[in-house]
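Worksheet: the structure to be examined is printed underneath.
Note on naming: letters A, B, ... go to the chains in the order of the sequence lines (proteins, then strands), and numbering restarts at 1 for each one. What's counted below: heavy atoms across the whole structure, side chains too, no hydrogens, waters or symmetry copies.
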There are 2 protein chains.
Amino acid sequence: MPDATGQAAPKAKRPTRDERREEILAAATRVFGSKGYHQGSLVDVAAQVGITHAGVLHHFGSKDKLLWEVLEYRDRVDVQHLEGKHIPGGMELFRHLVTTARLNADRRGIVQAYAVLTGESVTDGHPASTWVAERFSVLRGEISQAVRELAAERDVTLPEGEPERAAAAVIAVMDGLQLQWLLDPEAVDLASATGFAIESILTATLGAAVRIAGS
Amino acid sequence: MPDATGQAAPKAKRPTRDERREEILAAATRVFGSKGYHQGSLVDVAAQVGITHAGVLHHFGSKDKLLWEVLEYRDRVDVQHLEGKHIPGGMELFRHLVTTARLNADRRGIVQAYAVLTGESVTDGHPASTWVAERFSVLRGEISQAVRELAAERDVTLPEGEPERAAAAVIAVMDGLQLQWLLDPEAVDLASATGFAIESILTATLGAAVRIAGS
DNA sequence: GCGGGCTTACTTACCAGTAAGTAAGTGTGG
DNA sequence: CCACACTTACTTACTGGTAAGTAAGCCCGC
C-alpha cells in the first residue's frame, strides 16, 4: 500500500541487517525450542518477526544454516554471563555449572530448545548431530580436566578413565534433570538437584566429601 | 519377535490381524526410533511390513494412536525380560537398573527410540509428553522408595526430599548417558558409567560406601 | 543538495515434494 | 458369500526453496 499522501504513519524504522538477524535468531530459538527443528517451520519463525519465510531465507540461506547459527547464538548468549572470562577450571568450573543450572530455571525457553535439539540430534542424519556430539566431547574434556585438577590438589590418584567417567556422569545428570524439570517443574528443583548430583559424583570420585557451596 | 517375514515368498500366508499389528508395532518402533515421531512417516512404517500407509491406518486409525500403542508395546517388551513380573525393591532395583543398562548397550534401536521420543516429548503439545511425564513420575516413586528402604536397612535418617532428589538424579544420569552414548559410543561405556554414577549417588545419599556389584 | 544508480530487505507467487487422512473398490480365506 | 485386509486413488495441508518484482535507504557525480 503505497502512501502517496506524505501522511507518514508511525514510521517504523527499518531494522539494520544485524538487528534483524538477531531478531530472527531469537525467534528461531523459540520456535525450534517449542516445536523442534523438523516440526518448527520457517513460516513460524518468520511470523514471529513479522516477515515472510522468504525473508528469513534471504538472511540465512537455508533452514539448516539457520539452525547452525541458532546453535552458535546459544553458545554466545551462554558465555555472555560469564563476564568475558574464559571457561574456569577446577572447583570454579563446578560452581559455574551449578550457577548455570540456577539461572536456567528462569530460562525455560533456552533449556527447552537445548533439550529438544539434543534429543532430536540422535536421529539419523540430523543436521545438529555433529554439533551436539562435538559439544559433548568438548565438555567432557573440560570437566574431566577439572576433575584431575581437584584430584591433584587433594593428592589423590585416580584410576584410569575415572575423570572421563565422572565428566560424562556430570553432563548426563544435568541434561537428564533438565528433561525431567521441563516435563514436571514441580517435581524437580533444577538447581538443588543438580548441585546435589554433582557433589555426589565428585565426592565418590575423590573419595572425600566435596561441597560446592558458593554463589 | 516371531515372524521371519518371508517377504519375497509369493504365496506367503496372510498374517492374522494380531500378527500384522505386532509387525507394524515393531516396524514403527524402529522408524520412530531412528527418525523420531514427526520425521518418521507412516509410509516408512508401512514399507517395512510390505504394505501401504493406508494399510497401517486401517489397523491403527491415526499416527497418534500408533505412537501410543508403540509406547505401550515398549513397556510390554521391557517388562518381559523381568522374570519376576513385579519391579524389585531395595538394592535389587539398582542392580536391575545397571543390568538394564548393560543389556541396552546391545539394543541401540530401543535406546534410540526412547531417547528420541523423550526429547521430542518436551515440545509443545507432543502426543507422548504425558506418557513420558507419567513414566518419569512412576520411576521417581519407585526409586525413591528403594532409597528409603536402603536407608532404613542402614539406620540412616534422610533429610526431607532427599530420596526424591536422589531418584531424580539416578534417572537423569541414565538418560543423559544414553544420549552421550548414542552420539559417541566410543567415548562412553554405558554400563560402567551408569554403575559408577548410581553408586556415587547412593553413596553420597546414604553416607557410606555402596557397591552394587552383582551380575 | 539532489537526481540517478546501486544495494539491501524484503514480498508475492509459485514450485515440487511429502505429509496424514479418507473413500471406495478389490481379492481372498473361511 | 461376505467380512475383512488391504490397495488405489485421491484430497487437503504444509514444507523448504526459488524467482522475480518492488520499495526504501545510501553513495556519488554534478
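- Side-chain atoms of K63(A) lie closest to dG16(D) of the nucleotides dA20(C), dG16(D), dC6(D).
- Direction change of the helix axis from one end of the helix from dG1(C)-dC30(D) to dG30(C)-dC1(D) to the other is 0°, with five pairs defining each end axis (rounded to 10°).
- Whole-Å rounding puts the D64(A) CG to dT15(D) C1' distance at 14 Å.
- Put simply, CG on L66(A) is 15 Å from C1' on dT15(D), counting in whole angstrom units.
- Distance from the side chain of S62(A) is smallest for dG17(D) among the nucleotides dG17(D), dG21(C), dT15(D).
- Across all non-hydrogen atoms, the minimal contact from A172(A) to V173(B) is CB-O, 3.6 Å.
- Side-chain N/O atoms of T52(B) include one lying less than 4.0 angstrom from OP1 or OP2 on dT7(D).
- Legend: residues meeting side-chain contact (heavy atoms from CB on, under 4.5 Å) with H59(A), ordered by chain and number and at least two apart, are R20(A), R21(A), I24(A).
- Nucleic acid contact class of L57(B) (heavy atoms, under 4.0 Å, all strands): base.
- A sub-4.0 Å separation between OP1 or OP2 of dA5(D) and a side-chain N or O of H59(B) is absent.
- Spacing between atom CD of Q39(B) and atom P of dG17(C) amounts to 17 Å, rounded to whole angstrom units.
- Listed candidates were dT18(D), dG16(D), dC6(D). Nearest to the side chain of A54(A) is dT18(D).
- If you check every strand for non-hydrogen atoms under 4.0 Å, G40(A) touches sugar and phosphate atoms only.
- Among the candidates V170(B), L177(B), I212(B), the single residue satisfying the side chain to side chain contact (heavy atoms under 4.5 Å, CB included) test with T194(B) is L177(B).
- Between the side chain of S137(A) and the main chain of A133(A), no donor-acceptor pair closer than 3.5 Å is present.
- For the pair F60(A) CZ and dT18(D) P, the interatomic distance rounds to 16 Å; values are reported in whole Å.
- The side chain of R20(B) contributes no N or O atom lying less than 4.0 Å from OP1 or OP2 of dA5(D).
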side-chain contact (heavy atoms from CB on, under 4.5 Å) for H53(B) and S41(B)? Distances and angles first, verdict last. CA-CA 9 Å; H53(B) 90 279; S41(B) 71; over 6 Å; no

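- Rounded to an integer number of Å, the gap from L67(A) CG to dG16(D) P is 12 Å.
- Protein atom CG of L42(B) is 20 Å distant from nucleotide atom P of dT12(D), rounded to whole Å.
- Residue S41(B) is classed as a sugar-phosphate contact, given heavy-atom separations below 4.0 Å to backbone atoms only.
- For the segment residues 27-37 of chain A, the set of residues with a heavy atom within less than 4.0 Å of an atom of DNA chain C is empty.
- Salt bridge E162(A)/R148(A): absent, no basic N to carboxylate O contact under 4.0 Å.
- Between the side chain of Q180(A) and the backbone N or O of A168(B), at least one donor-acceptor pair lies under 3.5 Å.
- The NE2 atom of H38(A) sits 16 Å away from the C1' atom of dC14(D) (whole-angstrom rounding).
- Contact annotation: H58(B) does not reach the phosphate of dC6(D) (side-chain N/O to OP1 or OP2, under 4.0 Å).
- Picking from dG21(C), dC6(D), dT15(D) the nucleotide with the shortest atom distance to the side chain of I51(B) gives dC6(D).
- Considering all non-hydrogen atoms of both residues, A191(B) and V98(B) come closest at O-CG1, 4.4 Å.
- Listed for the T123(A) side chain is no donor-acceptor partner under 3.5 Å among the backbone atoms of H126(A).
- When all heavy atoms of T205(B) and I201(B) are compared, the pair lying nearest together is OG1-O, 2.6 Å.
- Here dA20(C) is the nucleotide among dT7(D), dA20(C), dC10(C) with the atom lying nearest to any side-chain atom of H53(B).
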